[in-house]
A.B. asks: 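Sharing a structure below in C-alpha cells format, with a few things to ask.
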Amino acid sequence: MHSAPSVNFPVGRSRLARRLAAAFWGLGAAMLCAWCVQFDGAPWRTALLAAALLLAAGAAIRAVRLGEGVQLQWNGQHWSCDGTLRLDGAAAAIHLDLQSLMLVRMHEPGRQPAWIWVERVSCPPRWLDLRRALHASAGARLDADAAKVVQP
C-alpha cells in the first residue's frame, strides 16, 4: 500500500462548526425555556440552569475557534502545524467526519492534545489529499499498534 502524498492545508474559521454549535446551544436554550414553562420550582434552579447555558455558550464560542490561523502539514510520516498552533511530529486522529467538515485531534508526545476543525471550503483543491493523508496516518497508527500487540 502506498502512503498518502504530502499535503499543506490552511485551517480557517469553520462556518459549519459555528452552525453546529449554535444549533446545539439553541436546543439547550429551548430546553431551558420549556423548563421555565413546565415547572414553577425554586428560582435558584432556573438561575443555575441559565448560568450553565451561559457557560455552554462560552465553551461553544471557544470550540468553534479551534485551530484558526493554522497551516496543517503532512510530510508522509508526521503531522506538523504552523501559525497560531505549533506542533512538529504530531499524530492526528479524526474524531468527527462529516465529509466536508472534520474534527481532528492533534497529539504530540509530551504536550496537551490540540483540536482543530478542518473544513473543505478552506482549500477545496487540496481537500481530498488532506482526507487521504488523515485516513492513511490513522491506518498506519493502527497497523503499528497491532504489530506491537502481536510481537512478544
A.B. asks: Just so I know, are the side chains of C81 and V11 near enough to count as touching, which here means a heavy-atom distance under 4.5 Å?
C.D. replies: no
A.B. asks: What's the shortest heavy-atom distance between W79 and A91, and which atoms?
C.D. replies: CD1-C, 4.3 Å
A.B. asks: Taking atom CZ of R18 and atom CG of L20, what is their separation to the nearest 0.5 Å?
C.D. replies: 11.5 Å
A.B. asks: Hey, could you give me the CG/SG distance between L130 and C123, rounded to the nearest 0.5 Å?
C.D. replies: 9.0 Å
A.B. asks: Testing the 3.5 Å rule here: is there a donor-acceptor pair between the side chains of S137 and W74?
C.D. replies: no
A.B. asks: Given side chains that start at C-beta, do those of H78 and E108 come closer than 4.5 Å, heavy atoms only?
C.D. replies: no
A.B. asks: In terms of hydrophobic clustering (I, L, V, M, F, W, Y; side-chain heavy atoms under 4.5 Å; direct or indirect links), are L48 and L32 co-clustered?
C.D. replies: no
A.B. asks: Flag yes if V118 and L128 sit in one hydrophobic cluster, no otherwise; membership is Ile, Leu, Val, Met, Phe, Trp, Tyr, and two members link when side-chain heavy atoms are under 4.5 Å apart.
C.D. replies: yes
A.B. asks: CG/L101 to OG/S122 distance, rounded to the nearest 0.5 angstrom?
C.D. replies: 9.5 Å
A.B. asks: Locate the shortest heavy-atom distance separating T46 from C36; write the atom from each residue and the value.
C.D. replies: CG2-SG, 3.3 Å
A.B. asks: Looking at every heavy atom in both A114 and L85, which two are closest together, and how far apart are they?
C.D. replies: CB-CD2, 3.6 Å
A.B. asks: Between V7 and R132, does a side chain to side chain contact (heavy atoms under 4.5 Å, CB included) hold up when you go through it step by step?
C.D. replies: CA-CA 10 Å; V7 66; R132 279 189 217 83; over 6 Å; no
A.B. asks: Looking at F9, is its backbone amide N or carbonyl O close enough to the side chain of W127 to form a donor-acceptor pair, meaning the two atoms are under 3.5 Å apart?
C.D. replies: no
A.B. asks: For the residue pair L53 and W25, what are the closest heavy atoms and their distance?
C.D. replies: O-NE1, 3.0 Å
A.B. asks: How long is the straight-line distance from CD1 of I116 back to CE of M106, given to the nearest 0.5 Å?
C.D. replies: 5.0 Å
A.B. asks: Heavy-atom count around R111 CZ within 6.0 Å, excluding the residue itself: above 12?
C.D. replies: yes
A.B. asks: At what distance, to the nearest 0.5 angstrom, does CH2 of W115 lie from CG of L96?
C.D. replies: 10.0 Å
A.B. asks: Return the CZ to CZ distance between R120 and R131, rounded to the nearest 0.5 Å.
C.D. replies: 10.5 Å
A.B. asks: Taking all non-hydrogen atoms of both residues, which atom of Q99 and which atom of D97 are closest, and how far apart?
C.D. replies: N-OD1, 3.0 Å
A.B. asks: Taking the side chain as everything from C-beta on, heavy atoms only, tell me whether V121 gets closer than 4.5 Å to R15.
C.D. replies: no
